[in-house]
Amino acid sequence: MEVERPANLAFGDFATNLAMKLARPLRKSPLEIAETLAGALRDGEDRELFAAVDVARPGFLNLRVANSAWEAVVADVLAAPATWGRIPTVNPRKVNVEFVSANPTGPLTVGNARGAFVGDLLCRVLEAGGQTVTREYYFNDSGAQVGHLGASVAAVRDGLPVPEDGYKGAYVEDLARELPDDVWAAASAGDGDPAEAVGAWASHRVRGMIEASLARLGVNFDVWKSEASLHSEGWVSRAVERLRDAGQVYEQDGALWFRSTAFGDDKDRVIYKSDGRPTYFAADIGYVTEKFSRGFDHLIYIWGVDHHGTIARNKNAAQAMGYDPEHYQVLLIGWVRFIADGLEVSMSKRAGTFVTLDDLLDAVGTDAARWYFASRATHVEIDFDIELAKKQSAENPVYYVQYAHARIASIVRKAAEAGIAPAASIAGLLAGEPELALARVVAQLPEVVEDAVRAEETQGITSYVTDLATQFHAFYRDAHVVDAAEPERSSKRLALALAAQTTLRNALDLLGISAPDSM
RNA sequence: GCGCCUGUAGCUCAGCGGAUAGAGCGUCGGCCUCCGGAGCCGAAGGUCGCAGGUUCGAAUCCUGUCGGGCGCGCCA
């Protein structure tokens with residue numbers, strides 16, 4: 001059975017289908033059951049919470065909340081604005097969320113942007129639900145890709161063409177120019193390939209650029225984990241031993257395999273190749289043991305859909321190593337097709353054809369970009385028309401919401417000038433229709449947050465906050481707040497406006513979006 | 001071929017078992033002597049890809065089918 005908010009307010013504030021669900025087991029008509037339930041509520045100890053309890057065909061039980069109950073909620077908001085919207089912790093777990101994790105071989109692209117926003121949004125929502133969250137970035141600064149980057153930078157420095165398998169973006173030229181002479185001299189002097197030393201310098205440099213871009217988004221990672229450390233600190237070999245102890249590895253053709261098929265995978269997976277070198281998967285399983293050793297109850301990975309084929313082997317390995325596979329969770333983010341001039345823009349760092357995350361922020365702004373990704377389901381693919389986004393950024397719904405917030409701030413200023421202070425209680429105010437409509441929406445925030453936490457999605461928050469802004473604008477139109485002739489009513493309306501402002505601010509904060517006092 | 005995701009208004013997307021299917025943008029028409037017009041009011045626009053099924057009730061669940069995307073390496 002469910003309690004829900006009916007699409008049509010005429011049916012009430014809440015509705016339940018309980019009677020219809022009970023009809024079959026009780027072998028009674030839904031209407032009959034609903035009447036019984038309605039009677040119990042009308043005479044129950046909480047009866048003063050309801051203004052009306054009605055029964056509707058084919059068996060809905062509709063509840064209308066008493067104005068005094070809404071007024072009490074508004075008073076609660078004003079009494080503790082900072083915590084309004086936080087919900088009781090249902091699942092007090094310690095969660096590790098790994099996202100972005102782009103290797104430091106070039107600046108973050110708009111392709112990485114969605115992962116950055118979605119990951120941060122998820123963390124914020126989990127935190128609102130009382131969970132302890134660690135934001136983690138996994139990178140490899142010692143592999144073949146970094147070697148290619150070093151070779152590319154070294155080639156440019158030497159005035160030679162970039163190698164076939166190198167990186168061709170303009171940033172490579174910047175790196176070659178910025179490469180310090182002493183680093184370059186030391187790299188060239190050795191017997192070996194200068195690419196490695198140059199690559200180490202370059203990837204460190206690139207990582208700094210990445211951190212700066214992420215900071216600009218308001219995304220700050222708690223832990224930066226290098227793939228090399230998983231090997232050097234023995235996590236990979238320990239993981240392999242756990243699998244070996246469980247009897248789930250074997251050697252074949254000179255390689256070491258994980259028996260993933262024993263857990264339903266299509267095929268077994270190689271951990272160590274026949275040349276003795278580890279696969280990417282080897283590092284993955286080492287990382288799982290490393291993460292759980294830090295005391296996390298739950299691991300979340302945010303990956304692009306193109307990695308979905310690797311979920312099974314990792315989950316299976318976690319299970320084989322003795323962890324609960326339910327605590328190894330992958331959230332897939334849908335493909336983003338970036339369109340410019342009607343054509344898809346390729347996002348190749350190698351070819352140097354990509355749009356950077358910084359370009360995106362320059363074009364549309366952080367708040368608009370956050371809103372854009374927050375308002376879409378994470379797993380669906382989306383088309384992002386860059387030209388359209390630029391054109392529409394000025395009309396982005398986020399500004400509509402921020403405008404409502406700024407407008408309230410302006411009213412608050414006006415009220416202060418007129419010597420009106422907000423009332424602690426708004427008793428009686430909701431007899432007015434515009435006031436009641438606003439209060440009803442304000443009171444909804446905790447439910448919206450709870451839904452977001454449960455769904456691990458944020459679209460509900462963006463649509464709620466849009467609705468709240470609309471309700472405020474209607475209130476603004478119909479109920480003049482600052483009125484020297486009606487000081488008592490003014491201070492109550494001001495209190496309600498403040499509650500709406502707090503609600504807007506807290507909801508926007510949940511999305512990492514600013515709530516300006518003027519625009 | 002197999003697996004996963006997806007198809008809702010002109011465009012971009014919400015809704016994912018309930019009572020007349022929503023928003024933004026776009027289009028058309030109104031509203032500034034009055035707390036910020038980045039606003040408000042109204043109109044046009046949809047057989048929710050298609051066909052079956054389950055249910056008191058389906059855009060929502062199941063099956064099939066058509067279209068789109070992604071993945072099926074001892075790559076990362």
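The sequence lines fix the lettering, A, B, ..., with proteins before strands; numbering per chain opens at 1.
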Drop me the distance from A:Asp54's CG to A:Phe60's CZ, to the nearest 0.5 angstrom.
13.5 Å
Reckon A:Val481 touches a base, only the sugar-phosphate, or nothing at all at heavy-atom distances under 4.0 Å?
base
Give A:Asp253 one of three labels, base, sugar-phosphate or nothing, depending on what nucleic acid heavy atoms sit under 4.0 Å from its own.
base
Indicate, with a heavy-atom threshold strictly under 4.0 Å, whether A:Thr310 touches base, sugar-phosphate, or nothing.
base
From OH of A:Tyr372 over to C1' of B:rC25, roughly how many Å is that when rounded to an integer?
12 Å
Test the A:Arg376-A:Phe373 pair against the cation-pi criterion, namely NZ or CZ under 6.0 angstrom from the six-membered ring centroid and within 45° of the ring axis.
no
Categorize A:Gln402 for me: base, sugar-phosphate, or nothing, with a 4.0 angstrom heavy-atom threshold over every strand shown.
nothing
Using a 4.0 Å heavy-atom cut-off, does A:Tyr272 contact any base of the nucleic acid, only the sugar-phosphate backbone, or nothing at all?
nothing
Give a yes/no verdict on a cation-pi contact between A:Arg277 and A:Tyr272, requiring under 6.0 Å between NZ or CZ and the six-membered ring centre and an angle within 45° of the axis.
no
Strictly by Watson-Crick or wobble contacts shorter than 3.5 Å, is anything paired with B:rG67, and which nucleotide is it?
B:rU6
With a 3.5 Å cut-off and just heavy-atom distances, do the side chain of A:His308 and the base of B:rG3 make a donor-acceptor pair?
yes
What is the nucleic acid contact for A:Arg269, judged by heavy atoms within less than 4.0 Å: base, sugar-phosphate only, or nothing?
nothing
Base, sugar-phosphate, or nothing for A:Ala15, non-hydrogen atoms under 4.0 angstrom?
base
By nearest-nucleotide position on RNA chain B, the 5'-leaning member of A:Ser410 and A:Leu61 is A:Leu61
Only one of A:Glu136, A:Glu290, A:Glu98 clears salt bridge (charged side-chain N to carboxylate O under 4.0 Å, His left out) with A:Lys225; which?
A:Glu290
Report which part of the nucleic acid A:Asn62 touches: base, sugar-phosphate, or nothing (heavy-atom distance under 4.0 Å, all strands).
base
Tell whether A:Asn17 reaches the base of B:rG18 with its side chain through a donor-acceptor pair below 3.5 angstrom.
yes
Is A:Tyr476 stacked on the base of B:rG39 when the test is centres under 5.5 angstrom and planes under 30 degrees?
no
Both distances under 3.5 Å, Watson-Crick or G-U wobble: report the partner of B:rG22, or none.
B:rC13
Separation of B:rC35 P from A:Gln501 CD (nearest whole Å)
18 Å
With stacking defined as ring centroids separated by under 5.5 Å and planes differing by under 30°, is A:His480 stacked against B:rC35?
yes
Given B:rG15, is OP1 or OP2 found less than 4.0 Å from the side-chain N or O atoms of A:Gln459?
yes
Base, sugar-phosphate or nothing for A:Val305? Non-hydrogen atoms, less than 4.0 Å.
sugar-phosphate
Nearest whole angstrom, please: distance from the P of B:rC16 to the NE2 of A:His379.
12 Å
Heavy atoms only, 4.0 Å cut-off, all strands: where does A:Tyr400 land among base, sugar-phosphate and nothing?
sugar-phosphate
Quick one: is the NZ or CZ of A:Arg207 closer than 6.0 Å to the six-membered ring centre of A:Trp224, and within 45° of its axis?
yes
Counting the atoms with a prime plus P, OP1 and OP2 as sugar-phosphate, which does A:Ala406 contact under 4.0 Å by heavy atoms, base, sugar-phosphate, or nothing?
base
Rounded to the nearest 0.5 Å, how far apart are CG of A:Leu508 and CG of A:Asp367?
8.0 Å
Strictly by Watson-Crick or wobble contacts shorter than 3.5 Å, is anything paired with B:rA43, and which nucleotide is it?
B:rU27
